[in-house]
Amino acid sequence: MTETEVIAGWIAPKSRVLDLGCGNGTLLRHLWDKRQAPGYGVEIDDAHVLECIRNDVNVLQMDLEDGLAAFADRSFDTVILSETLQAIHRQEPLLRDMLRVGREAVVSFPNFGYWRARIQIALAGHMPVSRELPYQWYDTPNVHHCTLVDFEALCAKLDMRILERVVLRQGTRVSVLPNLLGSTALYRVTA
Amino acid sequence: MIVQAQKARFTEPLRLRSGAVLPAYEIAYETYGTLNAQRSNAVLVCHALNASHHVAGSYAGEPDSLGWWDNMVGPGKPLDTDRFFVVGSNYIGSCFGSTGPASPNPATGRPWGADFPVVTVEDWVAAQAQLADRLGIERFAAVMGGSLGAMQALQWTLSYPGRVRHAIVIAATPRLSAQNIAFNEVARQAIMTDPDFHGGHYYDKGVVPVRGLRIARMIGHITYLSDDAMMEKFGRALRGKNGPRFDFDVDFEIESYLRYQGDKFSTYFDANTYLRITKALDYYDPAADYGGDLSAAFARAEADFLVVSFTSDWRFTSQRSREIVRALLDNRRVVSYLENDAPQGHDAFLLDDARYHGALRAYFGNIPL
């Protein structure tokens, strides 16, 4: 089970999707092809924007750090923030804005509480480097890592209701000790 | 690519937005590539202030006569004329071939001069639609333009929603700001206060309001370049080797550049045309009929859009393009938006930034024929 499959399962057919930090547009392409869900992506990187245009998906070159002022209240069914949360400087205003613009939000991120990450810090004494976190500490785009526990505490603070949670490790769903055994977390939340 | 300018004559009167009527008119145009059997591969390229229908290629025996957007349009270029049939059309009121103030007024047989009506973006688009009919183009695969040309592309989607499949809107604004209008007014005042202007009837006198045109062009040029680009290109460099002259002749390189651009422009551009184009820019505001609500104005549009802005453009800033994007999103249009950080300012739309051209190439590649 991939992240894309989990997210696609949460998107009702023909619903309107906004994908923040959409990369090369693969998810949007998939959602259009499999769910007939017309979407828009937001992306800042020039190379990714070009790939989105090649992939024939709607892409808007904007900086998420500037907020979502370009989008009207409740103009989307689902706003997706896939593997991007950890690269944002100010998460709180963005998460709030996502639930202003969308009825629901989907957030996925690499779990910093995954046992391999814990061991690398606790025993090896260095910042985690893994399949999900392939960067060295000095050249990473990621600025704010969190664990499942951290994210759920933030949701509570922002009065965001968690509708569903899926935790994955290498394509397999993790249900026991997810904050320890899961490498990737996906949440479906609403205001 | 060797190209040839053509003219189409229309005898059906054109009723203008101002209420005036142009009894008959000619449109100068060029075409590149071949219209396919389904007539589904036509792309209209709209030009900006001082350009013309000569978009690409060069004229036979004149290798230096390259079209103004030759880096964008041609065989193998981002807008590939091996695949698309491209039409460049000169707007009414121009001095480059279409009927304009220097053309004979049928009522008098003398040049129209000041009596040539004020034309608008909407009028240009209406005339272009006549040309499209003449060329057998029911629906354009795309209408494309930069700056004032982008306004025409926008207007096509509003005047003729069913006749445009894609609109490519580059370095655009949905309306001029007060500052934009202010710059235009200074340019117009420079022309109209030139003693050789004669209220617009200077053709009969055998003179040209050269001084006014020069200053108008100098003002324009300042707004086309970013502060950084100008500093990069000219800095504070002096012409002379011996320091400042302490007089009012050319000291700085930027002064020399502006004078050169002004001189060049005043030899080929018509003052009456300049007045009218700047007015067309000032008047353009599709949201005006909807209480300023641009989203309401675009409710009619049916096209897919690509909007491109340049962050160094302080004339039509990226914020203006984002307003267009917002209006399109509000109407759930298919739209992509490219915000390019090329440093050159408004003029960046004419240059060949690889990311900008790469995106255009990819976009055109996905337009089905």
Side-chain angles (χ1 to χ4, degrees), chain A residues 14-29 31-33 36-80 97-98 100-103, chain B residues 78-79 142 165-171 293-296 298-299 303-311 313 317-343 348 353-368:
Chain A
K14 301 193 190 325
S15 62
R16 289 174 43 80
V17 175
L18 179 64
D19 184 7
L20 305 177
C22 65
N24 62 15
T26 304
L27 177 62
L28 284 167
R29 188 74 253 159
L31 293 177
W32 173 247
D33 292 341
Q36 285 76 51
Y40 299 88
V42 175
E43 181 55 59
I44 186 75
D45 180 74
D46 288 319
H48 282 151
V49 169
L50 178 59
E51 290 172 64
C52 285
I53 292 177
R54 281 210 187 101
N55 280 330
D56 207 9
V57 297
N58 295 322
V59 63
L60 308 171
Q61 190 166 29
M62 294 176 179
D63 189 350
L64 288 179
E65 305 283 0
D66 296 339
L68 303 180
F71 306 99
D73 296 358
R74 291 286 154 138
S75 50
F76 289 92
D77 296 307
T78 306
V79 181
I80 300 168
D97 231 8
M98 286 171 69
R100 171 186 66 78
V101 167
R103 221 164 26 80
Chain B
L79 174 46
R165 286 199 284 139
H166 299 81
I168 298 162
V169 176
I170 305 170
D293 184 348
L294 194 64
S295 299
F298 273 95
D304 295 353
F305 287 79
L306 175 65
V307 178
V308 181
S309 81
F310 299 91
T311 54
D313 182 352
T317 62
S318 290
Q319 184 51 39
R320 300 279 86 77
S321 286
R322 283 189 225 121
E323 289 168 18
I324 296 169
V325 170
R326 172 63 190 260
L328 297 170
L329 287 171
D330 285 347
N331 286 292
R332 309 210 185 295
R333 300 301 339 142
V334 168
V335 53
S336 281
Y337 172 55
L338 198 69
E339 194 167 284
N340 184 289
D341 64 1
D353 179 274
R355 297 161 301 168
Y356 162 47
H357 274 204
L360 268 290
R361 183 183 293 277
Y363 191 81
F364 277 114
N366 280 332
I367 293 180

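In what follows, chains carry the letters A, B, and so on, assigned in the order in which the sequence lines appear, proteins first and then strands, with residues in each chain numbered from 1.
Contacts of B:Asn340 with chain A are made by backbone atoms alone, with heavy-atom separations under 4.5 Å and no side-chain atom involved. Both the backbone and the side chain of A:Val59 come within less than 4.5 Å of a heavy atom in chain B. Contact annotation for B:Arg332: both backbone and side-chain heavy atoms come within less than 4.5 Å of a heavy atom of chain A.
Exactly one of B:Asp304, B:Leu306, B:Val334 qualifies for a side-chain contact (heavy atoms from CB on, under 4.5 Å) with A:Asn58. That residue is B:Val334.
Residues of residues 36-48 of chain A lying within less than 4.5 angstrom of chain B, judged on heavy atoms, are A:Tyr40, A:Asp46 in numerical order. Of all residues spanning residues 318-327 of chain B, those with a heavy atom less than 4.5 Å away from chain A's heavy atoms are B:Arg322, B:Val325, B:Arg326, arranged by number.
Among the candidates B:Val335, B:Leu338, B:Val307, the residue making the largest number of heavy-atom pairs closer than 4.5 Å to chain A is B:Val335. Ranked by heavy-atom pairs shorter than 4.5 Å toward chain B, the options A:Arg16, A:Met62, A:Glu51 are led by A:Arg16.
Atom CG of B:Asp341 is separated from atom CD of A:Gln61 by 8.0 Å, given to the nearest 0.5 angstrom.
Using modelled atom types, no side-chain atom of B:Asn366 and backbone atom of A:Asn55 make a donor-acceptor pair closer than 3.5 Å.
The two residues A:Leu50 and B:Ala362 have their closest heavy-atom pair at CD1-CB, 4.1 Å.
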